[in-house]
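So you know, we letter chains A, B, ... as the sequences are listed, proteins then strands, and number each from 1.
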Protein chains: 2
Amino acid sequence: MLEVNPPPVSGLVPSIPQSGLSIAEAARRTGVSAHTLRYYERAGLVITDVDRTHGGRRRYRQQDLNWITVCTKLRATGMPIKTIRRYAELVSAGPGNEQERLALMEAHRADVTAKLAEIQENLKVIDRKIGVYRGRLAAGDADRLWAPTADTN
Amino acid sequence: MLEVNPPPVSGLVPSIPQSGLSIAEAARRTGVSAHTLRYYERAGLVITDVDRTHGGRRRYRQQDLNWITVCTKLRATGMPIKTIRRYAELVSAGPGNEQERLALMEAHRADVTAKLAEIQENLKVIDRKIGVYRGRLAAGDADRLWAPTADTN
DNA sequence: CTAGGATTTAGAGCGTGCTCGAAGTCAACC
DNA sequence: GGTTGACTTCGAGCACGCTCTAAATCCTAG
């Protein structure tokens, strides 16, 4: 599971110094772990070419955080790493492939709305069960008044 | 990924013969693979104690399918196997633990609604991107009329 | 009775997405 | 100039949920 670093940092965020942010700070602000930031970079998601110090340490700028945030939001909708990578490639290839970007996003949108519908549908089952148990508890069960044989678990 | 056996069989389903259904038929009707049915059983999800022929083949009854369907719907909302297992244990322990079942379901419901909210929130990002690309394509780009420098990918 | 497809088991394998670890480097403060 | 803690790479490890395999057995149609 994704380390649940407390949410991305709410409230008005202190702006970023000239020198950029350490990976720890960037992790704090994007809501993922430093490990995951490195992983995303290795995986080819981070097209903003994060700066480095002389010594090789990453320094994150606002644009890096912005892009990474896009990535995490796409992830949060269930877009696979590979697809985000593909999208990142399209974006970094510059203008001219909007048709492809659009197709990718529309396809993903369809996936997401289908998934949403499915979850909402099955949420009903959960709500019915909750209703059943609340009822039983309220009634002290009363020896299962209604639904004597039905599979009302 | 779950084998996407075409959806659970729509329309009015032929009723189940005395002898029960083969695992292949049960798979067809529940929308998961036979492999997955066996896996669910091994994992302790299937509390209905599926019948066997003399020779040891499984024979599924309506109540088996009903329970398995509950399991698949819980899975579809993202409930982990372990949690379904726990729930199955509660159900199969019989009346008297409704409090626990309720707590389990309510906790899961909270997870699900939180997840739904998150996805819906992030769907907005997708929709904005779609809007941007549609706009660019409609305008023939027009050299990125608006948002000349913003990170409107 | 026989052939051949379906089913059985237990265990191994796999794809995904992180998550961790080791060994070495860097940098900030005293 | 040290010490100390953050950071580097990159490969290994892990949790999850299937998915597949092999070898044996079953069962049904012919």
Side-chain angles (χ1 to χ4, degrees), chain A residues 1-5 17-46 49-60 64 68 71-88 108 111 115, chain B residues 1-5 17-46 49-60 64 68 71-88 108 111 115:
Chain A
M1 251 299 90
L2 237 178
E3 266 181 34
V4 185
N5 296 355
Q18 264 308 326
S19 54
L21 301 176
S22 72
I23 195 169
E25 253 304 292
R28 234 177 45 75
R29 298 203 194 186
T30 54
V32 299
S33 71
H35 281 306
T36 299
L37 282 180
R38 292 190 203 98
Y39 165 63
Y40 281 179
E41 204 175 305
R42 263 199 287 176
L45 305 194
V46 185
D49 209 38
V50 177
D51 255 4
R52 301 287 184 127
T53 64
H54 273 170
R57 267 100 209 269
R58 293 172 180 81
R59 303 266 78 188
Y60 291 84
D64 301 318
I68 290 164
C71 292
T72 61
K73 288 181 173 182
L74 292 176
R75 275 298 298 133
T77 62
M79 185 182 282
I81 295 288
K82 271 185 190 169
T83 308
I84 302 179
R85 184 182 204 294
R86 173 75 187 129
Y87 176 62
H108 181 58
D111 290 349
K115 191 75 185 164
Chain B
M1 252 300 89
L2 237 178
E3 267 181 31
V4 184
N5 295 355
Q18 264 309 326
S19 53
L21 301 176
S22 72
I23 195 170
E25 253 305 290
R28 234 178 44 75
R29 298 204 194 185
T30 55
V32 300
S33 71
H35 281 306
T36 299
L37 282 180
R38 292 190 203 98
Y39 164 64
Y40 281 179
E41 205 173 306
R42 264 198 288 175
L45 306 194
V46 184
D49 208 38
V50 177
D51 255 3
R52 299 287 184 125
T53 64
H54 275 168
R57 267 98 211 271
R58 293 171 180 80
R59 304 265 77 185
Y60 291 84
D64 302 318
I68 291 164
C71 292
T72 61
K73 287 180 175 184
L74 291 176
R75 274 298 298 131
T77 63
M79 186 182 281
I81 296 288
K82 272 183 189 171
T83 307
I84 303 179
R85 186 181 203 293
R86 173 77 188 126
Y87 176 62
H108 181 58
D111 290 350
K115 190 76 186 165

What residues 49-57 of chain A contributes to the DNA chain C interface at heavy-atom separation below 4.0 Å is Thr53(A), Gly55(A), Arg57(A)
Gap between atoms CD and C1', on Glu41(A) and dT8(D) respectively (whole Å): 11 Å
The ring pair (Phe, Tyr, Trp, His ring centres under 6.0 Å) partners of Tyr60(A) (sequence neighbours excluded) come to none
How is Ala24(B) classified with respect to the nucleic acid when contacts are heavy atoms under 4.0 Å: base, sugar-phosphate, or nothing? sugar-phosphate
Applying side-chain contact (heavy atoms from CB on, under 4.5 Å), name anything that partners Asp51(A), two or more places apart in sequence or on another chain. Arg59(A), Arg61(A)
Donor-acceptor contact present, side-chain Arg85(A) to main-chain Ala43(A), <3.5 Å: yes
Measure from CD on Glu25(B) to C1' on dT28(D) and round the result to the nearest Å. 16 Å
Contact residues, residues 74-81 of chain B to DNA chain D [heavy atom, < 4.0 Å]: Arg75(B), Pro80(B), Ile81(B)
Please identify each residue that fulfils salt bridge (charged side-chain N to carboxylate O under 4.0 Å, His left out) with Arg58(B), with sequence neighbours left out. Glu41(B)
Just jot down the salt bridge (charged side-chain N to carboxylate O under 4.0 Å, His left out) partners of Lys115(B), sequence neighbours excluded, or say none. Glu118(B)
Can you tell me the distance, in whole Å, between the CZ atom of Arg42(A) and the P atom of dA12(D)? 11 Å
In terms of side-chain heavy atoms of His35(B), which of dC20(C), dC20(D), dC18(D) is nearest? dC20(D)
Sorted by chain and number, sequence neighbours left out, side-chain contact (heavy atoms from CB on, under 4.5 Å) with Arg86(B) holds for Glu89(B), Leu90(B), Glu100(B), Leu104(B)
Which range-with-range stems can be found for DNA chain D when each stem has 3 or more Watson-Crick or G-U pairs in a row and both distances sit under 3.5 Å? C:1-30 with D:1-30
Those residues that, when tested against Thr77(B), pass side chain to side chain donor-acceptor pair (under 3.5 Å) (two or more places apart): His108(B)
Identify the two heavy atoms, one from Ile81(A) and one from Leu45(A), that lie closest to each other, and give their separation to 0.1 Å. O-CD2, 3.6 Å
Just N and O in the side chain of Arg58(A): are any of them under 4.0 Å from OP1 or OP2 of dC7(D)? no
Taking the minimum atom-to-atom distance to the side chain of Lys82(B), which one of dT7(C), dC16(D), dG11(C) wins? dC16(D)
Does dC20(C) have OP1 or OP2 under 4.0 Å away from a side-chain N or O of Tyr39(A)? no
Rounded to whole angstroms, how far apart are CZ on Arg85(A) and P on dT16(C)? 14 Å
Looking only at heavy atoms, the pair that brings Ala34(A) and Ala27(A) closest together is N-CB, 3.6 Å
Side-chain N or O of Arg38(B) closer than 4.0 Å to phosphate OP1/OP2 of dT8(C): yes
Test log, rule side-chain contact (heavy atoms from CB on, under 4.5 Å), inputs Ile84(B) and Tyr40(B): CA-CA 10 Å; Ile84(B) 303 179; Tyr40(B) 281 179; over 6 Å; no
Taking Thr36(A) for the side chain and Val32(A) for the main chain, is one N or O donor matched with an acceptor at less than 3.5 Å? no
In whole angstrom, give the distance that lies between atom OH of Tyr40(A) and atom P of dT16(C). 15 Å
Whole-Å distance, Leu37(A) CG to dT9(D) P, equals 12 Å
Are any side-chain N or O atoms of Arg75(A) and backbone N or O atoms of Met79(A), one a donor and one an acceptor, separated by less than 3.5 Å? yes
